[in-house]
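Report on the following structure.
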Amino acid sequence: MLHVDSIFAATTAATAPPALAAGGDPLPPPFTAVRIFTETRLDSWLALGLVLAAGLYLYGVHRLRLRGDRWPVSRTVFFLGPGLGGIALVTLSGLHAYDTALLSVHMVQHMVLSMISPIFLALGAPVTLALRTLPLRPRKRLLAIVHSRVVRIYSFPLVAFAIFVANPFVLYFTGLYRYTLEHAWAHEVVHAHFIMTGCVFFWPLLGLDPLPGRWPYPARALLMLLSVPFHTVLGLTIMQSTTLLGDDWYPSLNLSWSNPWDDQVVAGGILWAGGEFVSVTMLAVLVVQWIRQSERESRRLDRELDRQEARQRADEAAGSAV
């Protein structure tokens with residue numbers, strides 16, 4: 001009887017369908033660095049959007065060069081490299097295959113999509129590029145959008161800060177996160193939401209585009225400082241939580257090569273350490289921008305004083321000649 005049962009169990013295990021992750025995809029094999037390359041997928045709508053964004057940006061730079069205008073190479077590198085490239089790295093590479101199986105991988109995506117890539121997209125100044133290359137009518141429409149009431153509200157630093165801080169808590173500590181794990185389309189929407197939230201927060205603080213209602217540098221630096229402890233609190237809360245994010249989702253996957261509790265501690269540590277590192281680094285970038293802006297203002301004042309002195313000498317020379 002035991003022999004028959006063991007044969008039946010073995011046969012059942014051999015014929016049973018594999019466990020499925022979100023969207024009906026089979027669960028990935030044990031995570032290794034090599035898997036980042038071997039599990040790459042380019043069949044998502046996001047891949048098409050990234051290619052389109054890169055193509056339009058490069059076309060704009062090309063039009064400027066044909067016209068004889070200069071566009072800083074650093075802006076192009078920022079926009080295409082850490083900007084669009086960072087989004088592609090965490091959403092199209094093999095990391096994508098593990099984002100519903102490992103919370104730690106999802107947190108890496110969270111950091112890149114909401115903090116790192118939006119910063120470099122802002123430093124790429126795509127709106128300025130569009131304003132310099134678009135024909136008159138589309139340019140006026142873009143300016144109308146940039147200065148619209150909706151953009152003024154969402155780009156106001158305090159509103160953007162509130163959205164940036166509140167969103168992760170709403171996502172991870174409600175049933176919404178479990179829903180995104182169960183539905184692939186919702187998980188993709190969260191990726192897009194991370195990018196938009198990061199852009200709304202960092203564009204008015206660090207971006208080079210002409211946005212309405214931009215705060216002076218001291219106020220921007222203060223707001224950046226206030227964002228530093230936010231990821232510390234969130235990361236420590238996740239590390240010390242007595243419940244798993246996503247309820248029983250991760251244990252139900254029965255991954256023999258990953259412990260959901262240990263992985264959640266790693267995920268919280270990534271959010272904590274990564275958030276502090278990025279925030280402090282971006283504060284340094286903001287200070288550098290502040291110094292450069294002060295230097296430009298000083299040079300402008302010096303030129304104005306030189307012009308006034310030249311006019312005064314010319315007036316004196318004219319008076320003495322009379």
Side-chain angles (χ1 to χ4, degrees), residues 40 42 44-93 95-96 108-135 138-139 141-143 145-147 151 154-155 157 160 164 188 191-212 214 217 220 224 274 277-279 281-290 292-293 296:
T40 299
L42 301 176
S44 71
W45 61 269
L46 190 56
L48 178 62
L50 292 174
V51 171
L52 181 62
L56 289 174
Y57 192 94
L58 289 175
Y59 177 69
V61 174
H62 176 67
R63 287 199 58 183
L64 281 182
R65 289 182 178 177
L66 289 179
R67 213 163 62 192
D69 293 340
R70 180 180 173 273
W71 183 255
V73 176
S74 60
R75 294 185 183 181
T76 304
V77 172
F78 286 151
F79 189 84
L80 299 180
L84 297 182
I87 296 173
L89 176 63
V90 298
T91 58
L92 304 180
S93 72
L95 292 177
H96 175 73
V108 172
Q109 289 182 323
H110 177 145
M111 293 299 304
V112 173
L113 296 178
S114 66
M115 294 194 71
I116 298 176
S117 287
I119 289 169
F120 288 99
L121 292 177
L123 293 176
V127 176
T128 301
L129 179 63
L131 290 174
R132 292 181 61 181
T133 56
L134 285 173
R139 189 189 315 151
R141 291 177 180 173
L142 179 58
L143 280 173
I145 294 173
V146 170
H147 293 279
V151 173
Y154 280 98
S155 64
F164 185 74
E188 295 294 331
H191 288 167
H193 183 70
F194 279 155
I195 298 170
M196 293 175 61
T197 301
C199 288
V200 164
F201 179 64
F202 287 107
W203 223 289
L205 296 181
L206 298 170
L208 305 176
D209 289 320
L211 294 178
R214 192 184 292 270
Y217 278 101
R220 287 191 244 173
M224 187 69 75
F277 175 78
V278 173
S279 295
T281 302
M282 289 307 103
L283 181 61
V285 172
L286 186 63
V287 171
V288 171
Q289 289 183 344
W290 187 359
R292 290 180 176 176
Q293 193 269 344
R296 288 193 298 268

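Just so it is clear, the values below take in all heavy atoms, side chains as well, and ignore hydrogens, waters and symmetry mates. Just so it is clear, the structure is predicted and the values come from calculations on it, not from any experiment.
Note that the CD1 atom of I87 and the CD1 atom of I116 stand 11.5 Å from one another [nearest 0.5 Å]. Remark: L208 CG to L123 CG distance equals 5.5 Å, nearest 0.5 Å. Expressed to the nearest 0.5 Å, how far CD1 of I195 lies from OG1 of T91 amounts to 7.0 Å. In this structure, the separation between CE on M282 and CZ on R220 is 14.5 Å, given to the nearest 0.5 Å. With values rounded to the nearest 0.5 angstrom, L134 atom CG is found 8.5 Å from L129 atom CG. How far CG of L80 is from CG of L50: 11.0 Å, rounded to the nearest 0.5 Å.
Residues V278 and I119 meet the side-chain proximity criterion, which asks for heavy atoms closer than 4.5 Å. Counting heavy atoms from C-beta on, the side chains of V112 and L89 never come closer than 4.5 Å. Counting heavy atoms from C-beta outward, F120 and V77 have side chains that stay 4.5 Å or more apart. With a 4.5 Å cut-off on side-chain heavy atoms, M111 and V90 do not count as touching. Looking at heavy atoms from C-beta onward, P126 lies in side-chain contact with F79 at the 4.5 angstrom threshold. Side-chain atoms of R65 and W71, non-hydrogen and from C-beta on, never get closer than 4.5 Å to each other.
Note on ring orientation: taking the six-membered ring where Trp is involved, the planes of F164 and F202 are perpendicular (angle over 60°, cut-offs 30° and 60°).
Here the closest heavy-atom approach between residue Y154 and residue V200 is recorded as O-CG1, 3.1 Å. When every heavy atom of P135 is checked against every heavy atom of P138, the shortest pair comes out as O-CD, 3.3 Å. Taking each heavy atom of L211 and V146 in turn, the nearest pair found is CD2-CG1, 4.2 Å. Closest approach of P204 and C199 over heavy atoms only: CD-O, 4.0 Å.
Other residues, nucleotides and ligands contribute more than 12 heavy atoms inside 6.0 Å of the OH atom of Y217. Atom CZ of R139 has more than 12 heavy atoms from other residues, nucleotides or ligands within 6.0 Å. More than 12 heavy atoms of other residues, nucleotides or ligands lie within 6.0 Å of NE2 in H147, so this atom counts as buried by the packing criterion. The neighbour count for R292 CZ, taken as heavy atoms of other residues, nucleotides or ligands under 6.0 Å away, does not exceed 12.
Judged purely by atom type and a 3.5 angstrom limit, R214 uses its side chain to pair as donor or acceptor with the backbone of G207. No side-chain donor-acceptor contact under 3.5 Å links Q109 to the backbone of H191. Under the 3.5 Å distance criterion, the side-chain polar atoms of Y57 are matched with a main-chain donor or acceptor of G124. Listed for the S117 side chain is a donor-acceptor partner under 3.5 Å among the backbone atoms of G83.
Screening residues 123-135 for side-chain hydrogen bond (donor to acceptor under 3.5 Å, both in side chains) gives T128-D209 as the qualifying pairs, with residues at least two apart or on separate chains.
R75 forms no cation-pi arrangement with F78, by the criterion of a distance under 6.0 Å to the ring centre and an angle within 45° of the ring axis.
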Go through H62 and L58 one step at a time and tell me if the side-chain contact (heavy atoms from CB on, under 4.5 Å) criterion holds. CA-CA 6 Å; H62 176 67; L58 289 175; over 6 Å; no
